[in-house]
Protein chains: 6
Amino acid sequence: MRPSGRTASQIRPVTFTRQFTCHAEGSVLVEFGNTKVICTASVEEGVPRFMKGKGEGWITAEYSMLPRATHTRSGREAARGKQGGRTLEIQRLIARSLRAAVDLKLLGENTITVDCDVIQADGGTRTASISGACVALVDAINHMRGKGILKTNPLKHMIAAVSVGVVNGEPVADLEYTEDSIAETDMNVVMTETGQFIEVQGTAEGEPFSMEEMMTMLELAKQGLYEVFTQQQLALNASTAK
Amino acid sequence: MRPSGRTASQIRPVTFTRQFTCHAEGSVLVEFGNTKVICTASVEEGVPRFMKGKGEGWITAEYSMLPRATHTRSGREAARGKQGGRTLEIQRLIARSLRAAVDLKLLGENTITVDCDVIQADGGTRTASISGACVALVDAINHMRGKGILKTNPLKHMIAAVSVGVVNGEPVADLEYTEDSIAETDMNVVMTETGQFIEVQGTAEGEPFSMEEMMTMLELAKQGLYEVFTQQQLALNASTAK
Amino acid sequence: MRPSGRTASQIRPVTFTRQFTCHAEGSVLVEFGNTKVICTASVEEGVPRFMKGKGEGWITAEYSMLPRATHTRSGREAARGKQGGRTLEIQRLIARSLRAAVDLKLLGENTITVDCDVIQADGGTRTASISGACVALVDAINHMRGKGILKTNPLKHMIAAVSVGVVNGEPVADLEYTEDSIAETDMNVVMTETGQFIEVQGTAEGEPFSMEEMMTMLELAKQGLYEVFTQQQLALNASTAK
Amino acid sequence: MRPSGRTASQIRPVTFTRQFTCHAEGSVLVEFGNTKVICTASVEEGVPRFMKGKGEGWITAEYSMLPRATHTRSGREAARGKQGGRTLEIQRLIARSLRAAVDLKLLGENTITVDCDVIQADGGTRTASISGACVALVDAINHMRGKGILKTNPLKHMIAAVSVGVVNGEPVADLEYTEDSIAETDMNVVMTETGQFIEVQGTAEGEPFSMEEMMTMLELAKQGLYEVFTQQQLALNASTAK
Amino acid sequence: MRPSGRTASQIRPVTFTRQFTCHAEGSVLVEFGNTKVICTASVEEGVPRFMKGKGEGWITAEYSMLPRATHTRSGREAARGKQGGRTLEIQRLIARSLRAAVDLKLLGENTITVDCDVIQADGGTRTASISGACVALVDAINHMRGKGILKTNPLKHMIAAVSVGVVNGEPVADLEYTEDSIAETDMNVVMTETGQFIEVQGTAEGEPFSMEEMMTMLELAKQGLYEVFTQQQLALNASTAK
Amino acid sequence: MRPSGRTASQIRPVTFTRQFTCHAEGSVLVEFGNTKVICTASVEEGVPRFMKGKGEGWITAEYSMLPRATHTRSGREAARGKQGGRTLEIQRLIARSLRAAVDLKLLGENTITVDCDVIQADGGTRTASISGACVALVDAINHMRGKGILKTNPLKHMIAAVSVGVVNGEPVADLEYTEDSIAETDMNVVMTETGQFIEVQGTAEGEPFSMEEMMTMLELAKQGLYEVFTQQQLALNASTAK
């Protein structure tokens with residue numbers, strides 16, 4: 001029995017609120033239960049130095065948690081003077097995943113920066129970030145198309161992510177904090193809407209995991225992501241962003 | 001005529017949403033029109049080294065803007081590896097103002113850290129932060145009293161802040177961004193609910209200002225703050241925080 | 001009775017020693033009693049990136065205290081790897097004040113950097129810095145005019161600054177350290193020689209201050225600054241700098 | 001056909017040279033073909049602050065590449081003033097993997113720090129690091145047992161790692177640089193000698209990968225790791241370390 | 001013929017002004033011609049962590065140049081966020097030299113920090129710093145003896161330093177900037193008043209130097225330092241410091 | 001009697017292994033007894049900003065020790081976020097010495113960066129680095145000549161370095177760690193193969209040293225370096241590098 005009463009494959013209620021803030025080309029509040037992340041997509045002309053002259057665009061991401069997004073306050077990275085290893089690891093994952101959703105050649109020499117700022121954390125902040133970031137990215141792309149900056153839609157497919165894990169010996173989907181903190185295995189899965197993998201990152205926190213457990217977790221991820229993709233589509237159909 | 005149609009002394013609609021996030025002892029979303037700041041107050045036992053052994057408490061503050069809280073994205077301070085001068089200046093102002101609202105001796109050897117994170121900016125983010133931070137502070141104090149950590153209420157008086165300035169030669173209250181960016185003078189005023197000054201910071205951005213203009217601005221601040229103090233009280237009466 | 005025997009409105013002896021060091025275009029040792037600051041103004045062709053192409057000049061400032069300018073040694077900021085919030089706040093104030101003294105359009109695309117290095121501190125280092133910096137700035141401008149870099153004098157008016165405060169319930173001008181450390185209110189006032197305000201920064205360190213106290217402090221500042229402007233002029237008349 | 005003429009499942013020649021340097025409790029040069037990493041394990045009494053008082057030990061890792069370990073010189077992280085995201089990600093992975101090999105309770109309040117310094121890189125530096133680090137760790141543990149610091153062997157099982165990927169549409173094991181740089185999918189697999197997973201990190205660099213490709217890659221990893229575990233054992237049997 | 005008309009062995013006028021600033025236990029303005037350095041010695045109880053429990057004292061030093069001590073302004077190290085290699089090298093040299101002048105055992109568990117801040121540079125700032133620092137150190141020691149902190153004088157001998165070099169093929173003493181910038185060889189010599197060496201640092205800037213040139217330079221240093229030791233003694237006899 | 005049984009003038013066995021790693025234009029493992037340093041020379045087109053437009057080349061160096069090159073592990077500089085004073089001092093010395101070996105005008109606008117990474121330390125790491133770096137530099141220059149980048153050999157003469165010192169009152173050459181840690185005087189001598197000095201850095205760690213001791217140390221250095229120059233030549237004759 002899970003703390004929330006959910007079944008093993010059941011994910012938390014997922015919502016995407018578009019146009020959450022007013023300045024960004026894409027701005028989405030994503031919620032996976034009590035986990036809440038503001039994802040904004042900012043469009044800038046030009047690309048970083050290492051991409052110049054290729055005629056391609058670039059997508060990058062930054063991730064942060066408000067100091068009191070968590071149970072106890074953690075020090076602000078700006079005050080400590082550097083981003084921690086966990087932060088860098090997560091934002092590299094988000095950016096890689098988003099780039100896998102887009103044909104960078106069709107983006108032209110433009111950069112989209114997606115900021116994922118966690119305002120409330122209850123497990124699965126990185127997977128919520130990826131899922132919300134993709135919706136913000138679509139809004140930013142639509143903004144560019146509306147402005148005539150892009151002639152063709154560079155989006156190859158929607159992507160979304162969910163965490164799965166083994167808790168008390170049982171594989172479950174979309175772990176909340178109380179589950180995450182005692183999980184034997186923790187796995188983050190990023191998929192395309194067509195059911196292919198973008199990223200699979202599984203870690204044995206306690207006991208090693210078997211091939212069989214891995215298969216079950218991947219299956220749970222696939223089921224859970226079906227619901228996430230549905231909510232993304234509902235949000236994108238609902239209204240027209242800026 | 002002001003861009004919003006407001007009169008010179010009229011401030012924007014002000015709202016305080018308590019319990020905005022779930023973990024912090026005090027958590028308030030403050031809105032001055034389109035300016036929106038999440039203020040959380042975190043209670044920790046003990047005080048910083050320089051305060052040890054005095055039997056007093058400490059209140060500190062940190063301020064930040066999400067990268068895309070503004071019209072164009074600004075670099076994340078955590079990524080640049082340091083907080084800018086403006087950030088440090090603002091968070092020192094917030095912390096000083098909050099400490100002036102509390103009898104630190106009655107706080108015991110406890111620290112309250114108030115984080116002000118601007119999620120959407122339209123002028124007056126530092127004054128909105130101070131006004132919201134005071135409500136979060138009251139919730140944190142009430143939490144401590146509920147837990148029996150504090151026997152006596154250390155709050156001396158509510159404080160709040162508003163910006164005033166001279167725009168196109170006319171003194172006005174609560175400047176929004178389009179006014180702020182062309183103001184000849186910009187002044188931030190922090191007051192107690194009893195009408196005394198905590199901080200007055202006036203800056204001639206273009207032309208120097210006269211004693212007379214200063215008097216008018218201070219008067220406008222006083223009027224505007226009356227409304228802010230009323231909204232603070234309404235919010236605090238409305239419900240009981242965590 | 002003040003520790004120095006001064007009356008409430010009496011400022012300490014103020015002197016400006018020009019050409020204090022030999023390399024800078026402007027170099028002034030300013031003394032407010034025992035507070036001593038070396039102010040140098042350095043002229044460089046070109047402007048920072050964010051000012052390029054506007055046909056205007058730029059004035060910036062940096063402030064520092066020698067580690068043992070104070071009663072006990074404070075750590076060197078270069079060794080700690082960053083400038084503290086107080087330093088950044090002060091140098092932003094100095095730079096803003098100086099820019100308000102000059103028509104940047106008449107300065108052409110040149111940058112003047114004013115360094116204020118406190119070699120001995122006894123209260124009021126930021127206001128002494130501003131007062132001395134303005135004299136160094138004039139020398140740098142004169143140097144540029146002598147070299148034919150400037151055709152017109154970009155100086156709009158002299159500026160100077162003084163601290164005022166409430167000590168033991170009584171408003172006084174130009175606080176020395178022993179007064180500053182127990183003041184209820186501390187206020188820094190930057191004015192033009194024509195009696196207009198550039199900056200007013202008042203802070204209640206202990207009790208909030210009233211409108212009446214504020215008026216008295218501003219009046220004391222005005223009186224004290226009359227003497228500072230006189231000494232600036234005497235120094236500038238006395239000799240011709242480099 | 002692979003550039004080296006290897007079959008899809010064939011890994012490069014793997015060697016472990018123990019006692020490679022003389023000061024560390026464990027010191028191993030690991031080679032996977034042209035990839036060469038010095039792994040040293042250093043034993044220190046005590047544990048980091050966050051582990052104190054639990055009666056458990058700690059294992060941590062640091063990773064670095066000599067600036068010219070690669071085809072073109074990359075800037076030294078110490079000179080740039082921070083470790084990059086890739087470095088932090090890798091050393092977190094190494095440390096997590098090593099901790100999964102050891103019963104920290106049996107380690108007592110001691111810390112083992114494993115440094116992995118790549119002196120020559122040709123793909124797979126992180127997996128070579130993990131494989132070599134485990135041998136250095138065993139030598140450090142044996143050193144502690146010889147000194148009587150440990151009564152019981154805290155090692156639960158050997159671990160080792162190998163990279164697998166999809167290159168030109170074909171899954172292959174132990175990618176060298178020329179393969180790595182064009183791979184569609186890149187996956188790092190850390191396993192126990194008993195065939196369970198510690199970490200699986202798969203990334204679609206170009207096209208997403210299917211469940212079937214994933215299965216094939218995991219199978220190749222398992223085969224390749226059989227050889228690595230054999231070489232680890234041969235090295236550990238060969239001689240007695242310090 | 002030297003630019004100043006000096007003979008090869010002639011050093012510039014050297015003066016030591018004690019009690020130059022009022023707070024430090026030792027405060028000396030040292031001048032070697034146009035090179036001017038403020039040297040302050042600060043006494044603190046206790047020693048750094050690595051010296052604890054040895055019953056010995058510690059002497060350390062910090063060195064800095066005001067940004068406009070030189071012909072063109074150099075960036076402030078505090079603003080750049082780190083001390084440069086030249087600064088660190090010089091302050092390590094100053095500290096080592098001063099420690100060689102004192103019996104650290106007799107200093108007790110106290111630390112003396114000497115700050116050398118160059119306010120005007122014309123060559124030889126590091127050797128002037130060492131020479132002035134030793135006088136400030138003596139004043140600090142005398143202060144400690146006056147306070148009864150020290151029973152015995154820990155000073156073993158005075159030390160002083162001078163630069164020598166080869167300019168246009170001719171060995172000369174105490175190079176000023178115009179000589180220093182074209183010197184083939186630059187050598188800094190720190191000696192005791194009894195004519196023994198503390199440090200010798202010779203560098204071929206252009207052509208390598210011969211044993212014979214080295215001998216001549218060391219002889220010039222010895223002659224020049226005779227004058228510096230005399231001026232140190234005159235200053236120390238002249239008055240009693242704080 | 002020295003710990004190793006060596007005579008006062010006898011240096012440890014010195015070897016240079018060229019092509020130690022495969023990517024760099026010059027790659028040398030230098031060994032002075034148990035001190036082992038990897039020296040790589042990397043060629044890059046262009047020069048740093050401050051050298052641009054002079055038609056000259058540049059040579060720079062970086063130095064580092066693997067954390068466990070020493071008896072106890074020292075913190076990694078990249079992790080601490082800055083290079084220490086000792087590191088900066090050493091790499092400045094290496095770079096200056098190498099530049100003295102080359103006619104920068106004949107190098108054209110190219111930069112050679114030499115990295116010296118100590119993998120095992122037993123005293124004299126900086127002098128071993130210089131000696132090995134010069135061999136790597138020659139290989140890099142030969143590589144450039146082979147590629148037709150250089151028409152003329154810019155090498156003026158080989159350089160090498162050795163440490164000398166006074167241990168237990170007796171001058172000795174090439175101190176190993178156990179000698180170095182108790183030496184009264186420590187001196188590093190960089191010479192050309194023609195017997196001229198590039199750098200002489202002598203430091204009294206305990207007692208000051210006399211002119212006579214200095215002469216003896218320089219003589220020992222000269223003798224020891226004869227052997228080092230011989231080994232450099234043997235290595236360079238033995239095979240042809242990449």
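For the numbers below, each heavy atom of this structure counts, side chains included, while hydrogens, waters and symmetry mates do not. In what follows, chains carry the letters A, B, and so on, assigned in the order in which the sequence lines appear, proteins first and then strands, with residues in each chain numbered from 1.
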Can you tell which part of C/Gln91 gets under 4.5 Å to a heavy atom of chain B, answering side chain, backbone, both or neither? neither
In sequence, state the C-alpha distance, the side-chain angles, and the governing distance for C/Phe209 and B/Ile198, and then conclude on side chain to side chain contact (heavy atoms under 4.5 Å, CB included). CA-CA 7 Å; C/Phe209 54 100; B/Ile198 297 291; over 6 Å; no
B/Thr203 and C/Glu199: side chain donor to acceptor below 3.5 Å: yes
Closest-packed option against chain C by number of heavy-atom pairs under 4.5 Å, given B/Glu205, B/Met214, B/Lys156: B/Met214
Per-residue tally against chain B (heavy atom, under 4.5 Å) across C/Gly84, C/Pro208, C/Gly195 peaks at C/Pro208
Rounded to the nearest 0.5 Å, the CG atom of C/Leu88 sits from the CZ atom of B/Arg92 at a distance of 9.0 Å
With a 4.5 angstrom heavy-atom cut-off, which part of B/Thr192 approaches chain C: side chain, backbone, both or neither? side chain
Output for pair (C/Phe197 CZ, B/Met211 CE), nearest 0.5 Å, gives 4.0 Å
Calculate, to the nearest 0.5 Å, the distance between atoms NZ and NZ belonging to C/Lys82 and B/Lys82 respectively. 9.5 Å
C/Arg86, part contacting chain B, at a heavy-atom distance under 4.5 Å: both
Please report the interatomic distance CE(B/Met215) to CG(C/Leu218), rounded to the nearest 0.5 Å. 6.5 Å
Heavy-atom cut-off 4.5 Å, strictly under: side chain, backbone, both or neither for B/Met191 against chain C? neither
